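So the structure is just underneath, and the comments pick up after that.
To find a chain, count down the sequence lines: A is the first, B the second, and so on, and within it residues start at 1. Small disclaimer: the values here were computed from a predicted structure and weren't measured.
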There are 2 protein chains.
Amino acid sequence: METKIFDMKNMKQYDEPANLLKALSHPVRLCIVRGLMRKKKCNVSFMQECLDMPQSTVSQHLQKLRSAGIVATERNGLEVNYILANERIAHIVTILLGEEDCEHE
Amino acid sequence: METKIFDMKNMKQYDEPANLLKALSHPVRLCIVRGLMRKKKCNVSFMQECLDMPQSTVSQHLQKLRSAGIVATERNGLEVNYILANERIAHIVTILLGEEDCEHE
DNA sequence: TCCTAATATCGTAATATTACGATATTAGGA
DNA sequence: TCCTAATATCGTAATATTACGATATTAGGA
């Protein structure tokens with residue numbers, strides 16, 4: 001039982017987590033997630049302004065995060081507010097970015 | 001100061017972490033990392049056997065993990081043993097895979 | 001030195017991701 | 001209903017990733 005640790009049979013169990021990470025693994029999306037960890041709630045125009053990139057680009061990144069279940073939306077009139085949907089992700093990003101200043105050049 | 005939370009100026013700080021995640025975000029590589037978390041040390045042939053895929057494919061995934069600083073190597077004669085190089089990654093993978101059984105369908 | 005086992009790299013076709021302008025959708029107000 | 005602001009989706013060119021056979025490298029033994 002302990003021999004087949006890298007077993008192909010159980011490979012499918014890694015598809016979901018790998019997709020989660022893939023959705024996270026882009027500087028802009030990481031920045032958005034980090035921002036939402038601090039700001040809690042934010043609409044698209046605000047992000048677009050801060051990030052200084054075309055609206056369609058920002059929106060596409062948001063859709064990618066959304067379909068991975070990382071963020072969720074709340075409509076408020078014309079605005080759509082984004083919030084973090086997944087505490088696990090916040091936890092991971094904390095670990096990922098947290099140690100940055102200690103062990104880096 | 002608290003307004004520019006998604007600031008483009010600081011975007012570069014996310015490049016490194018995003019690359020780390022990108023290297024991790026593939027089912028085979030996640031499986032390898034998980035395996036190394038348990039087995040501690042493993043050569044390429046063993047992984048190739050377990051994963052049941054061509055040697056060159058396994059080797060390429062290993063190189064990707066290595067150049068991201070996720071794994072390291074130790075030569076032992078003809079064999080090359082791989083080990084985890086990054087505790088932070090192990091921590092992240094634990095969180096990523098740990099909760100799987102609780103909150104999932 | 002020659003042979004062979006273990007691993008890494010090259011070449012490349014198929015596929016996925018990215019960025020972004022153009023266009024569509026959606027909702028509130030006049 | 002018409003107008004407009006906010007956001008999402010489409011289309012697509014440029015680029016990156018993936019898989020894997022073929023070949024190269026590296027090290028130990030005869």
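- With C:dC20, C:dT17, C:dT9 as the choices, the nucleotide that has an atom nearest any side-chain atom of A:T57 turns out to be C:dC20.
- Comparing D:dC20, C:dA6, C:dG21 against the side chain of B:Q60 picks out D:dC20 as the nearest.
- Note on A:R66: nothing from the nucleic acid sits closer than 4.0 angstrom, heavy atoms only.
- Between the side chain of B:T94 and the main chain of B:A90, a donor-acceptor pair closer than 3.5 Å is present.
- Relative orientation of the A:H91 and B:H91 rings is perpendicular, given thresholds of 30° and 60° on the angle between their planes.
- Closest to the A:H26 side chain, of the nucleotides C:dA8, D:dT7, C:dT18, is C:dT18.
- Among the nucleotides D:dA6, D:dA22, D:dA27, the one closest to any side-chain atom of B:L78 is D:dA27.
- Mapped onto DNA chain C by nearest heavy atom, A:M53 and A:G77 fall at different nucleotides, with A:M53 at the one closer to the 5' end.
- Mapping A:V28 and A:N76 onto DNA chain C by nearest heavy atom places A:V28 closer to the 5' end of the strand.
- Applying the 3.5 Å distance criterion, the base of D:dA6 shares no donor-acceptor pair with the side chain of A:Q55.
- C:dT7 atom C1' lies 10 Å from atom CD of B:Q48, rounded to whole Å.
- As a whole-Å value, the separation of B:L30 CG from D:dT17 C1' is 17 Å.
- Note: CG (B:D52) to P (D:dA19) measures 14 Å, nearest angstrom.
- In the set D:dA6, D:dA27, C:dA19, D:dA27 carries the atom at the smallest distance from any side-chain atom of B:R75.
- The nucleotide D:dT12 finds its pairing partner in C:dA19, both defining distances of the Watson-Crick or G-U wobble pair being shorter than 3.5 Å.
- Proximity of a side-chain donor or acceptor of B:R88 to a complementary backbone N or O of A:L96 within less than 3.5 Å is detected.
- Under the Watson-Crick and G-U wobble criteria, each requiring two contacts below 3.5 Å, nucleotide C:dA6 is paired to D:dT25.
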Test side chain to side chain contact (heavy atoms under 4.5 Å, CB included) applied to A:L21 and B:L30, step by step: CA-CA 10 Å; A:L21 290 187; B:L30 216 42; 4.1 Å; yes
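- Taking 4.0 angstrom as the limit, A:Y82 places a side-chain polar atom (N or O) nearer than this to OP1 or OP2 of D:dA8.
- In this entry the distance linking CG of B:L62 with P of D:dT17 reads 17 Å, nearest Å.
- Taking the side chain of A:S56 as heavy atoms from C-beta on, and the options D:dA6, C:dT9, D:dT9, the nearest nucleotide is D:dT9.
- Distances shown here put a side-chain N or O of A:K22 below 4.0 Å from the OP1 or OP2 atom of C:dT17.
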Stepwise side chain to side chain contact (heavy atoms under 4.5 Å, CB included) test for A:L51 and A:C31: CA-CA 9 Å; A:L51 294 169; A:C31 182; 4.0 Å; yes
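- Rounded to whole Å, atom C1' of C:dA8 lies 14 Å from atom NE2 of B:H61.
- The base-pairing partner of D:dA30, taking Watson-Crick or G-U wobble contacts with both distances under 3.5 Å, is C:dT1.
- Rounded to whole Å, atom P of D:dT7 lies 13 Å from atom CD1 of A:I32.
- We find that CD of B:E79 is positioned 6 Å from P of C:dT7, with the value rounded to whole Å.
- The B:P54 side chain lies nearest to D:dG21 when the options are C:dT17, C:dT26, D:dG21.
- With rounding to whole Å, B:E74 atom CD is found 13 Å from C:dA8 atom P.
- Both cation-pi conditions hold for A:K39 and A:F46: the charged atom is under 6.0 angstrom from the six-membered ring centre and inside a 45 degree cone around its axis.
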